[in-house]
Colleague: 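Here it is, the structure in full.
For this chain, numbers begin at 1 and follow the sequence in order. Atoms within each ligand, like the ligands themselves, are counted from 1 in listed order.
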Amino acid sequence: MSDFLSARRTRIAAALQLEDAILLVGAGGPVPLPENSDQQYPFRSHAEYFYLAGAECAGGVVTFDPHEGEGWTSFVPAVTEGERVWEGREQLPGTPLAALEPWVHQRRGRPVVMLGAPRPGGPADDEVTRLVCARLTHARRPKDAHEIALIRRAAAATAPGYAKLRGWLRAGVTERALQIELEVEFARHGATRPGYGTIIGTGPNSAILHFEPSGRAAREGEFVLVDAGAEIDRYMADVTRTYVVGTPSAFQRDLYQVVLAAEERAIARCVPGAEWKQIHLAAAVEMVSGLVDLGVMHGAPETLVEQEAHTLFFPHGLGHMVGLGVRDGSGLQPGRAKDPRPCLRTLRMDLPLAPDYVVTIEPGIYFIPALLNDPARRARYRDAVNWPLVEQHLHLGGVRIEDNVLVTTGAPEVLTRAIPKALD
Ligand code: GLY
Ligand code: MN
Ligand code: MN
């Protein structure tokens, strides 16, 4: 076993505080395509399994018994003849999966914690499992050196994709054509695949937060929002850039500057001990302040944020953790309850930052007809918004800028800094 995996397991074993409980972490199984093709959806082991096993293995289970010296065992299924013939699979090293039930049986009577993908019918103590699951998530938050190296490689494979895409930005290019150029360039630079479904929206589509690229062609003067990242060995970057085709209008430039300034200030706040919720709310106040200056909103920025008026234009959280999955390790600090304020419903984390956390910072301002045409919101925020101006820009789309930031004991490091942030 590699040194990094062995060190990781030792650290995690201590963090989980299992006492008398035994731990089972399942990879999950392949899901067949619904077309009788003898093929499956691309398989990814559950992130908790991958983290502790260090490899993909459909059907695999990693176990830990705190009462035993080494403690960890990796159970792997026997490769079948069909898998050898159709998929060229080889037998993975480990203990045969058939030995798992006897392993569990020998320890009967002890609490069982089951993480990763649930095993059908597998025994689990729900209360203990919830507690240990939260401990594992928390222990996975500081990325180890192996993980940080992979995220750096994913960011390095992402940058040339954005560089290539810039050269393709012109009136008439479709969202789909941009996606193809971007993803091919990721792959040329070592990406295993895109880390998540690439998001590209032109014009009004740039205000749809997770827009799937379509055949729509960009027009002169429109926003183009691109949110995509390369993945290498299960670790990924998560990057957004917004451009304008041709020459931006003064309003587009101003809007972009408001988002960019909020992003850069939020990045600078990513230091150990900083509360994520406060970084989010400070970015909301700064963007509202920008919208007041642009004449889109009226009032005192802090008051408008207290009234949750910012959610009309900034309806999502400032970001999340990223690494082994696009929302890796996000959530609550152990012992905290979810903040009940409606405007924080979409905030993906509530915790203080710590060294080696990798987070995204992704503020955005959007003109989203589904929110801005809602009569209840129009009534509630009648005086907070310049509605005639909003009407003018209702189909303008939106701006989001997203970088990946490594929290250190010194200044935050922007892992995606090689991807230029320029509107045109
Ligand atoms: N790429 C999706 C997100 O930014 O969360
Ligand atoms: Mn993103
Ligand atoms: Mn993101």
Colleague: Quick one: do the Arg135 and His138 side chains pair a donor with an acceptor below 3.5 Å?
Modeller: no
Colleague: Is there a donor-acceptor contact under 3.5 Å linking the side chains of Glu362 and His316?
Modeller: no
Colleague: Any idea which of His210, Arg348, Arg400 brings a heavy atom closest to atom 2 (C) of ligand 1?
Modeller: His210
Colleague: Under a 4.0 Å N-O cut-off, is there an ion pair linking Asp403 with Arg241?
Modeller: yes
Colleague: Which ligand 1 atoms does Asp227 reach within 4.0 Å, using its non-hydrogen atoms?
Modeller: 1 (N), 2 (C), 3 (C), 4 (O)
Colleague: Donor-acceptor pair, Glu264 side chain versus Ala261 backbone, under 3.5 Å?
Modeller: no
Colleague: Looking at atom 5 (O) of ligand 1, what's its closest protein heavy atom, distance included?
Modeller: Arg327 NH2, 2.5 Å
Colleague: Give a yes or no on whether Glu402 keeps an N, O or S atom under 2.8 Å from the Mn ion (ligand 2).
Modeller: yes
Colleague: Run the ring-centre check on Phe251 versus His393 and record whether the distance is less than 6.0 Å.
Modeller: yes
Colleague: Can a side-chain donor-acceptor contact be found between Glu175 and Thr202 if the only test is distance below 3.5 angstrom?
Modeller: yes
Colleague: Strictly under 2.8 Å, is the Mn ion (ligand 3) approached by any N, O or S atom of Asp227?
Modeller: no
Colleague: Test of geometry: compute the angle NE2(His320)-the Mn ion (ligand 3)-OE2(Glu362) and round it to 10°.
Modeller: 80°
Colleague: Non-hydrogen atoms of His320 versus ligand 1: any pair closer than 4.0 Å?
Modeller: yes
Colleague: Within a distance under 4.0 Å of any heavy atom of Glu362, pick out the atoms of ligand 1 and give their elements.
Modeller: 3 (C), 4 (O), 5 (O)
